[in-house]
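Notes to accompany the following structure.
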Amino acid sequence: MFQPVTFTPPSSVDGIADGLSPSLDAIGSTLATGAGRLASLGGASSAPVPGLNGMGDMRGQATGMFSEPVPYLAVTPYQRGVGQHRGEHAYLTPTGAIRAVSSRLGDMPSLTTGELPGTDTGLVLVVMAAPDAGRFATSLQRFNAVMPLVELQQAQRRAGALATLEEDKFKVPPAPGYPAWGKASPRRGATGRATDVALGAQLALGEGHEAATASPLERLQGFATRQGATMQRRRADLASLGSSMTGTDPGWFGIYLEGLVAEVARLLVRFVPPLDDAFKCCAAVCWYGRRQQVAYYKEAFGLRNPLEGVL
């Protein structure tokens with residue numbers, strides 16, 4: 001029932017971006033032709049921009065996916081009461097990590113306060129397993145590079161330190177050189193700060209006078225140019241974020257389930273993880289909330305509901 005986990009650009013985000021493209025293209029062409037219509041302000045009004053009527057639906061979809069916080073639980077070997085501790089080291093098997101998540105589902109704060117509905121809920125579980133502390137630190141580093149979590153970052157530093165503990169015992173750290181270099185800024189002093197404020201006020205007056213002397217046609221042309229460049233940057237930023245969501249590891253696996261907490265907890269302990277107890281360094285992260293809330297994580301990890309069409 002568990003599936004390999006690979007970071008994937010969410011399809012919902014791509015769908016919203018594709019839906020916005022015609023509207024943004026129309027807005028760009030409208031701004032480009034606005035300067036030509038400035039000379040005939042008494043003419044007919046501009047044609048409506050196609051695609052703007054669906055902006056409310058796309059905004060609602062994006063808001064439900066990103067704005068509402070989703071309860072999550074991170075389980076690592078180094079937490080008190082989790083795993084087995086032997087000296088400086090700690091171990092947690094995939095089966096133990098899944099059972100720890102299952103046992104903690106019932107005491108979720110959102111359930112006790114009644115914030116989650118009784119139905120239309122989903123769970124996303126991702127497990128990262130490795131045979132030793134060194135590979136465990138590398139696996140967590142790959143995950144945190146795309147989706148950092150405080151608990152996993154702490155576990156990454158702890159695992160990395162344990163992997164090189166025996167070697168570090170024989171290393172002598174280099175002493176810093178004296179006198180040490182520092183950094184100074186003119187704004188830290190009263191005179192420099194006052195000079196900066198006085199000069200900035202004069203520059204603001206000059207910039208305001210320069211903008212006032214520009215003709216309305218030049219202002220509109222400058223506005224259209226800036227807006228066009230802004231739209232291109234925003235599109236490039238979204239494309240860059242999508243391309244950065246890459247990465248996988250042989251020890252990553254996950255599952256997506258829908259249903260009540262009791263049902264999901266019962267199913268989790270029944271499913272056998274694909275990795276055995278030889279992978280003794282393991283961490284698990286679980287997100288549970290409304291389906292729309294956890295949809296981003298489900299799509300980001302490339303998961304699907306294994307029980308869809310079965311039950």
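Computed from a predicted model, the values in this text were never measured in an experiment.
- Listed by first and then second residue, the ring pair (Phe, Tyr, Trp, His ring centres under 6.0 Å) pairs involving residues 119-143 are F7-F143, F143-W252, F143-F301 (not counting sequence neighbours).
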Result block: side-chain N/O donor-acceptor pairs under 3.5 angstrom for residues 185-199, not counting sequence neighbours:
unit_1: S185; atom_1: OG; unit_2: R187; atom_2: N; d: 3.4
unit_1: R187; atom_1: NE; unit_2: D196; atom_2: OD2; d: 3.0
unit_1: R187; atom_1: NH2; unit_2: D196; atom_2: OD2; d: 3.4
unit_1: R193; atom_1: NH1; unit_2: R187; atom_2: O; d: 3.1
unit_1: T195; atom_1: OG1; unit_2: T191; atom_2: O; d: 2.8

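- For R226, the side-chain contact (heavy atoms from CB on, under 4.5 Å) partners two or more places apart in sequence, or in a different chain, are F223.
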Would you tabulate the side-chain donor-acceptor contacts of residues 163-182 under 3.5 Å, counting partners in other chains and residues two or more places apart, or write 'none'?
unit_1: T164; atom_1: OG1; unit_2: G160; atom_2: O; d: 3.3
unit_1: T164; atom_1: OG1; unit_2: D168; atom_2: OD2; d: 3.0
unit_1: E166; atom_1: OE2; unit_2: K169; atom_2: NZ; d: 3.4

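- Here the shortest heavy-atom pairing between D249 and G251 reads OD1-N, 2.9 Å.
- In this structure the side chain of L149 reaches within 4.5 angstrom of the side chain of Y72, judged on heavy atoms.
- Here salt bridge (charged side-chain N to carboxylate O under 4.0 Å, His left out) pairs that include residues 129-139, with residues two or more places apart or in two chains, are D132-R135.
- Here the side chain of T8 pairs no donor or acceptor atom with the backbone of M245 at under 3.5 angstrom.
- Within the 4.5 Å cutoff, the side chain of Y288 has no heavy atoms near those of the L73 side chain.
- Here the CZ-CG distance, from R157 to L152, works out to 11.0 Å after rounding to the nearest 0.5 Å.
- For the pair T76/L92, no side-chain contact is recorded, criterion being any heavy-atom separation below 4.5 Å from C-beta on.
- With contacts defined as side-chain heavy-atom distances shorter than 4.5 Å, the pair F279/V127 does not qualify.
- When the side chains of ILVMFWY residues are joined at heavy-atom separations under 4.5 Å, either directly or via intervening members, V146 and Y297 end up in a single hydrophobic cluster.
- Under the 4.5 Å side-chain criterion, counting only non-hydrogen atoms from C-beta, L123 is not in contact with V294.
- Using a 4.5 Å heavy-atom threshold, the side chains of M128 and L140 count as touching.
- Put simply, CG on N305 and NZ on K298 are 6.5 Å apart, with the number rounded to the nearest 0.5 Å.
- By the side-chain contact (heavy atoms from CB on, under 4.5 Å) test, A90 pairs with P77, Y78, H85, sequence neighbours left out.
- Each side-chain hydrogen bond (donor to acceptor under 3.5 Å, both in side chains) pair with one or both residues in residues 86-97, not counting sequence neighbours, would appear here, but there are none.
- Remark: of the listed residues R291, R304, E299, R291 is the sole one forming a side-chain contact (heavy atoms from CB on, under 4.5 Å) with Y256.
- Between F253 and P4 the shortest side-chain heavy-atom distance does not fall below 4.5 Å.
- Evaluation of the side-chain contact (heavy atoms from CB on, under 4.5 Å) rule for P250 yields R142 as partners, not counting sequence neighbours.
- Taking the side-chain contact (heavy atoms from CB on, under 4.5 Å) definition, one finds that A145 meets it with nothing, sequence neighbours left out.
- Applying the ring pair (Phe, Tyr, Trp, His ring centres under 6.0 Å) test to residues at least two apart or on different chains, none of the pairs has a partner in residues 185-209.
- Between V124 and V70, every side-chain heavy-atom pair lies at or beyond the 4.5 Å cut-off.
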Worksheet entry | Candidate pair R233 and T230, rule side chain to side chain donor-acceptor pair (under 3.5 Å), full reasoning | CA-CA 5 Å; R233 288 197 303 269; T230 301; 3.3 Å; yes

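- Every salt bridge (charged side-chain N to carboxylate O under 4.0 Å, His left out) that R104 has, sequence neighbours left out, goes to D107.
- A donor-acceptor pair under 3.5 Å links the side-chain atoms of S103 to the main chain of R99, judged by distance alone.
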Distance-only donor-acceptor pairs under 3.5 Å for side chains of residues 259-273, two or more places apart:
none

